[in-house]
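Notes to accompany the following structure.
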Amino acid sequence: MDKTIYLCLAHMSEEGIEQKYVKEAFDMNWVVPLGPNVNAFEEDLKRFVGEGKEVVALSAGTAAVHLALLACGVGQGDEVIVQSFTFCASSHPVTYLGAVPVFVDSEKETWNMSPELLEEAIKDRIAKTGKKPKAIVPVALYGMPYDCTRIMEIADRYAIPVVEDAAEGFGSRFKGQVLGTFGKFGVLSFNGNKMITTSGGGALICKDAESKNQIMWYATQAREAYPYYQHETIGYNYRMSNICAGIGRGQMTVADKHIAHHRHVQALYRELLKDVEGVLLHEAPSADYDSNFWLSTITLDSSLRIKGQENAYKDVVRTAVGGAAGVIHAVDCATTDCQPNENVEALRAFMLDKKIEARPVWKPMHKQPVYKDAPAYINGVSEAIFKIGMCLPAGPWVTDEDVYYIVKCIKEAIVK
């Protein structure tokens, strides 16, 4: 294999529509935040999500979570219920606001927030603190929908607003309805590895124009209507660039095609892995859960032995793993008290040697040192999956031949 097969790389339209809109921005000298491309991109997103919603394009999905929580009234000392099995961007904005994340574990079927534990957590927080949490943040892990029916029923019963983190679930649906349109707000991400990209960026789905205007006001430094700069509330510089939005407009022309490709890749993995003993592909529990399968995920039976397993965690990682970019802190020890099994780490290393990017699933937030003191309602599901789970490539650049090669390498890695 000459090329490296990455998990999910940005893929531009074959017609180069993204470049057309970006060029328009340069030709108009509109290279600042907001502008015609941002307006048009927001309209495209409104049509995509449907349900009469409004959409605000922002600089990142993390910014969308932050502003949604702010609009829900989250402040210093408040509590917010967050799915534990997720990327840190779901919970970090809670701490930006001086609030406390309350982590809730997952159900086995979807790997997402357990409705039973959600209600238990709400009741217990009310009993312990005398007040209910200010918001609930369920997450569409790897594109898989959460149980919208039960989570929304519980949230409505306790009158707690829901901020849907659909950053990985762009285009996923529950019972035919697009994720991000069930709660008070819905978060989307257009990072370079998502279903569509604006290079970096995100969006917030809002229930009406009033909510959209409030979010946009916060995102543009909360400026008051005076002929000079007057600020009576703390705001943020979270606007989307007109250049990035031009990329987004072009990406919207291939969004359905990208989603269909991810689902095709999932179906191919399903066929090729069905007889591989000890390897289980994670699937939707029923037809109600229409996942975009942003990434295809597998679990490895703990008894499965992988070539090179005896060397797992012997070497300290020196750089960011896979396609991750940026600065990381060096560590002296390769292990922690909560990590994937040795066969998972061995398979990651084996696949990397074969030029295939495969990664462990997200480490539960309640096991992250930064959140060691946060309240958590745990059933063991997310920790168990973290020990045995792995993500496989599924992006638009991943061909059928790539999937055949990936599965071939998995089979080769297994010690008979």
Side-chain angles (χ1 to χ4, degrees), residues 1-8 84-85 87-88 106 108 111 141-142 268-270 272-282 295-369 372 378 380-394 398 401-416:
M1 175 64 65
D2 293 329
K3 68 174 183 177
T4 298
I5 305 173
Y6 291 103
L7 285 174
C8 187
S84 182
F85 203 7
F87 180 55
C88 63
S106 298
K108 293 179 180 179
W111 296 5
L141 200 69
Y142 303 116
L268 192 53
Y269 277 127
R270 181 183 305 127
L272 298 178
L273 288 170
K274 65 181 181 182
D275 296 322
V276 180
E277 189 174 352
V279 179
L280 181 64
L281 183 69
H282 185 226
L295 294 181
S296 293
T297 54
I298 58 173
T299 55
L300 304 183
D301 190 280
S302 58
S303 65
L304 200 66
R305 186 161 183 82
I306 300 296
K307 291 178 181 177
Q309 188 168 330
E310 65 278 4
N311 297 318
Y313 295 115
K314 293 283 181 68
D315 296 323
V316 173
V317 174
R318 299 296 180 187
T319 61
V321 175
V327 177
I328 65 168
H329 279 178
V331 295
D332 296 324
C333 178
T335 61
T336 67
D337 65 349
C338 179
Q339 63 189 29
N341 289 343
E342 291 181 351
N343 59 356
V344 173
E345 170 59 14
L347 183 58
R348 183 197 67 80
F350 184 92
M351 300 295 270
L352 184 62
D353 190 57
K354 299 291 185 179
K355 295 188 175 181
I356 300 166
E357 182 187 12
R359 290 194 199 175
V361 295
W362 300 124
K363 182 171 182 172
M365 285 295 110
H366 72 270
K367 294 300 294 183
Q368 296 287 359
K372 65 181 184 300
I378 305 305
V381 170
S382 62
E383 289 180 52
I385 297 171
F386 177 58
K387 290 180 182 296
I388 62 175
M390 174 167 280
C391 303
L392 299 178
V398 178
E401 290 74 20
D402 291 338
V403 177
Y404 278 99
Y405 175 71
I406 291 166
V407 174
K408 172 180 172 291
C409 290
I410 292 173
K411 291 178 179 179
E412 182 183 338
I414 297 173
V415 178
K416 300 298 182 182

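Reckoned from all heavy atoms, side chains included, excluding hydrogens, waters and symmetry mates. Sequence positions, counted from 1, serve as the residue numbers for this chain.
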* Decide yes or no on side chain to side chain contact (heavy atoms under 4.5 Å, CB included) for Trp111 and Phe85, but give the supporting numbers first. => CA-CA 8 Å; Trp111 296 5; Phe85 203 7; 4.1 Å; yes
* Backbone N/O of Lys367 and side chain of Lys372: donor-acceptor pair under 3.5 Å -> no
* Test item: Gln339 side-chain N/O and Thr336 main-chain N/O as donor-acceptor pair under 3.5 Å -> yes
* **Expected output: side-chain Asn343 to main-chain Leu304 donor-acceptor under 3.5 Å** => yes
* **Expected output: side-chain Lys307 to main-chain Glu412 donor-acceptor under 3.5 Å** => yes
* Charged N to carboxylate O under 4.0 angstrom, Asp402 versus Lys3? -> yes
* Asked: When you measure from the side chain of Gln309 to the backbone N and O of Glu342, does any donor-acceptor pair fall under 3.5 Å?
  -> no
* **Glu310 CD: over 12 foreign heavy atoms closer than 6.0 Å** => yes
* **Close side-chain approach of Leu273 to Ile298, heavy-atom, < 4.5 Å** => yes
* Quick one: does Lys355's side chain have a donor or acceptor within less than 3.5 Å of a partner on Asp2's backbone? -> yes
* **Any donor-acceptor N/O pair, Ser84 side chain to His366 backbone, under 3.5 Å** => yes
* In terms of side-chain geometry, is the basic nitrogen of Lys408 or Glu401 positioned less than 4.0 Å from the acidic oxygen of its partner? -> no
* Asked: Counting only N and O atoms by type, is there a donor-acceptor contact under 3.5 Å from the side chain of Tyr142 to the main-chain atoms of Cys391?
  -> no
